[in-house]
Number of protein chains: 2
Amino acid sequence: MSTIRDVAKYANVSVATVSRVLNKKGYVSKEAEEVVLKAIEDLDYRPNAVARTLYNKSSRMIALITPDITNPYFPELARAIEDVSLSYGYTVVLCNTDDDEEKEQQYVSVLKQKYVDGIILITNQQFNSDLEQMNVPIVALDRILSEKFPAVVSENENGAMMATEHLIDCGCKFIAHLRGPIGLTSAEDRLKGFQKVVQDKGVASIVVNTDFHFEKSIEVTTRLLEDHPTIDGIFSSNDITAAGAMKAINNLGKSVPNDIQIVGFDGIPLGKMLIPSLTTIEQSIYKMGALGARLLIKQIENIHLEANLYTVPTKLLIRGTTKVKGED
Amino acid sequence: MSTIRDVAKYANVSVATVSRVLNKKGYVSKEAEEVVLKAIEDLDYRPNAVARTLYNKSSRMIALITPDITNPYFPELARAIEDVSLSYGYTVVLCNTDDDEEKEQQYVSVLKQKYVDGIILITNQQFNSDLEQMNVPIVALDRILSEKFPAVVSENENGAMMATEHLIDCGCKFIAHLRGPIGLTSAEDRLKGFQKVVQDKGVASIVVNTDFHFEKSIEVTTRLLEDHPTIDGIFSSNDITAAGAMKAINNLGKSVPNDIQIVGFDGIPLGKMLIPSLTTIEQSIYKMGALGARLLIKQIENIHLEANLYTVPTKLLIRGTTKVKGED
DNA sequence: AAACTGTGTGTAACCGGTTACACCATAAAG
DNA sequence: CTTTATGGTGTAACCGGTTACACACAGTTT
């Protein structure tokens with residue numbers, strides 16, 4: 001690989017002039033510019049990104065810290081972030097933490113050493129005291145971490161209300177809510193929305209815990225339905241647990257949506273593959289990721305953010321697990 | 001942040017000595033080592049990774065170039081790669097190409113400028129002439145690109161044979177194969193395995209094209225079954241298209257596995273969520289990714305690879321879409 | 001006593017960019 | 001005819017590490 005000094009020598013100018021041409025910064029004469037561009041062309045010169053990073057203290061990389069990319073909710077987020085980043089000339093570093101605080105710390109430390117310009121953070125850890133110490137821009141996604149970091153979240157409460165109202169509209173008299181992990185703001189908000197509506201409309205309800213995983217959901221739902229055979233509607237805090245509920249219902253010999261109707265939450269591709277396909281609250285996952293990335297890049301470029309909390313709308317997607325005529 | 005020169009000054013030694021302590025390289029006296037370690041501790045010094053990279057021409061980063069992380073097959077791969085990389089002290093850069101050659105080029109160029117140490121490549125492009133020019137270690141995953149790059153693939157043909165034999169064992173008399181994209185070695189190998197068995201056993205068969213996407217699969221399967229109502233078994237080249245086939249069958253008012261039995265390929269989590277859960281050929285996706293990452297790192301560290309092609313076994317996972325008693 | 005060998009340490013060049021600063025034109029203003 | 005503004009360029013320091021090389025000292029060999 002040729003260096004800027006090779007180019008300078010070839011073009012009979014100084015490295016400063018070459019650098020000025022490269023960065024379109026400072027005074028350069030037409031002739032000098034031409035001869036430099038020709039030299040760059042002839043030598044197939046590409047500036048060394050690492051040397052630039054060292055001086056500028058900016059790597060044009062942003063990190064995506066996520067609990068587990070294997071969770072079907074995250075790839076779409078990652079995709080959006082990657083798309084936006086690329087269009088602004090940033091590269092994305094992938095970090096899986098399993099919500100392990102130590103791993104998170106380790107990553108943050110390594111990332112800082114590499115001069116990453118910003119971090120998109122999805123985590124359940126609350127005590128990010130050392131994160132706050134870091135002077136790197138951070139955007140939280142899907143959950144609110146602290147007032148210090150801008151966050152992008154879905155209209156969880158609103159979505160949950162739509163889901164619950166829809167079940168009631170479809171004739172459900174006893175609705176269960178499979179809630180998500182305790183402490184997760186998104187799950188809490190969905191619970192809140194659910195409770196508001198059932199209380200408001202005076203519909204019988206019950207809430208049980210899940211950890212957002214499929215197997216656990218089967219187990220929980222099975223027990224739930226054995227204990228309460230009159231349940232005729234389930235609002236599940238995510239699509240995976242909704243799939244688990246469907247499996248449990250099927251195992252018990254009941255039918256969806258005839259005996260029990262279900263509404264999920266997320267709008268991941270899985271939903272449409274189930275039989276019947278899943279009525280769900282669709283989050284604009286891609287939009288969330290894209291917005292998060294844009295906000296992060298704005299911060300990196302020192303553009304002031306107007307707000308600290310951004311919400312993206314949710315939408316009721318009526319499909320086959322509720323009895324109003326949907327696409328299924 | 002303090003630098004190595006700060007540490008040297010604080011410890012009253014030269015930067016060379018500090019560097020020797022850091023890298024455990026060269027002669028350092030016990031006393032010098034102690035005073036340096038104390039200085040590092042006191043100043044909370046962390047070496048600057050970028051400066052190291054500049055000199056060493058190694059960033060301890062590896063890139064994962066994938067068509068689309070949104071495809072449920074890739075996250076698990078990515079996860080495995082990330083886990084192994086982390087354990088060896090490497091960071092993973094995520095690159096989505098959409099199989100777009102230009103994007104691929106752009107990435108490779110940027111990556112090279114950043115001194116990425118190696119690339120894990122999943123692509124359908126064949127003409128990677130400039131990739132061959134690059135002097136960066138590359139490992140191909142899931143598909144064979146050229147003899148120049150070591151590759152990790154599943155036992156596709158063998159898996160396809162197991163799938164087909166299983167359908168025959170379960171009593172199928174007319175088996176369709178939903179093949180994957182033309183030109184994709186893994187899809188070709190699965191087709192080969194299928195054809196071998198149906199020819200060998202003299203079972204009626206038909207092959208149709210899919211592009212590995214859900215909607216397309218519904219469409220193709222619907223037409224297929226309308227044209228050939230006597231089909232009683234389907235071997236699908238991946239789990240997503242198997243899900244599409246199930247949806248199509250359901251739409252046509254037929255039942256799985258009673259009217260038509262299905263075997264998929266991949267073993268992604270989706271399979272167990274379907275009702276009935278999907279009998280499939282399980283690839284050790286995680287193992288593939290982990291092996292790929294290990295091979296890449298070996299190459300980076302100049303350890304000679306014994307082989308150029310590594311295969312990981314596939315396994316028949318009997319569940320609910322075939323009639324032998326499975327877990328469903 | 002001279003010649004090695006093995007330890008231990010420091011100086012300064014190097015990796016490949018960016019840029020502060022000095023300097024030299026030339027033209028316009030006073 | 002000086003002063004000043006503006007365009008254009010080069011030198012060298014700097015970012016923060018690594019390491020070649022020179023050198024110093026002690027203990028062994030001949």
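Every chain is numbered from 1 and lettered A, B, ... according to where its sequence line falls, protein lines coming before strand lines.
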Original post:
Rounded to the nearest Å, what distance is computed from the NZ atom of residue B:K57 to the P atom of nucleotide D:dG16?
Top reply: 19 Å
**OP:** Quickly work out the A:D6 CG to C:dG17 P distance and round it to whole Å.
**Re:** 9 Å
**OP:** Report which part of the nucleic acid A:V50 touches: base, sugar-phosphate, or nothing (heavy-atom distance under 4.0 Å, all strands).
**Re:** nothing
**OP:** Could you check whether A:A49 gets within reach of a base, just the sugar-phosphate, or nothing at all, counting any heavy atom under 4.0 Å?
**Re:** nothing
Considering just the side-chain nitrogens and oxygens of [X], establish if one lies under 4.0 Å of OP1 or OP2 belonging to [N].
{"X": "A:S29", "N": "D:dT9", "result": "yes"}
{"X": "A:T3", "N": "C:dC15", "result": "no"}
{"X": "B:N23", "N": "D:dT18", "result": "yes"}
{"X": "A:K30", "N": "D:dG7", "result": "no"}
{"X": "B:R52", "N": "D:dT18", "result": "yes"}
{"X": "B:R20", "N": "C:dG8", "result": "no"}

Side chain of [X] - closest among [options]:
{"X": "A:S19", "options": "D:dT18, C:dG17, C:dT19", "answer": "C:dT19"}
{"X": "B:A16", "options": "C:dG8, D:dG17, C:dG10", "answer": "C:dG10"}
{"X": "A:Y27", "options": "D:dG7, C:dT9, D:dG16", "answer": "D:dG7"}
{"X": "A:V15", "options": "D:dT11, D:dG16, C:dG10", "answer": "D:dT11"}
{"X": "A:Y45", "options": "D:dT9, C:dG17, C:dT19", "answer": "C:dG17"}
{"X": "A:T17", "options": "D:dT18, C:dG17, D:dG10", "answer": "D:dG10"}

Original post:
Does NZ belonging to A:K298 count more than 12 external heavy atoms closer than 6.0 Å?
Top reply: no
Original post:
Closer to the 5' end of DNA chain C via nearest nucleotide, is it B:Y115 or B:S14?
Top reply: B:S14
**OP:** Using heavy atoms to find the nearest nucleotide of DNA chain C for B:G26 and A:I4 separately, return the residue whose nucleotide is more 5′.
**Re:** B:G26
**OP:** Look at the side chain of B:D117 and the backbone N and O of B:S59, then say whether any donor-acceptor pair between them is shorter than 3.5 Å.
**Re:** yes
**OP:** Check whether any side-chain N or O of A:T53 sits under 3.5 Å from a backbone N or O of A:A49 as a donor-acceptor pair, and report yes or no.
**Re:** yes
**OP:** Spell out yes or no: do the side chain of A:R5 and the base of C:dG17 have one donor N/O and one acceptor N/O closer than 3.5 Å?
**Re:** yes
Original post:
Quick one: the side chain of A:R46 and the base of C:dG16, do they pair up donor-acceptor inside 3.5 Å?
Top reply: no
Original post:
Hey, are the side chains of A:T123 and A:E104 touching, using non-hydrogen atoms and a 4.5 Å cut-off?
Top reply: yes
Subject >> No-hydrogen, no-angle side-chain donor-acceptor test under 3.5 Å, A:D6 and A:Y45 >> reply: no
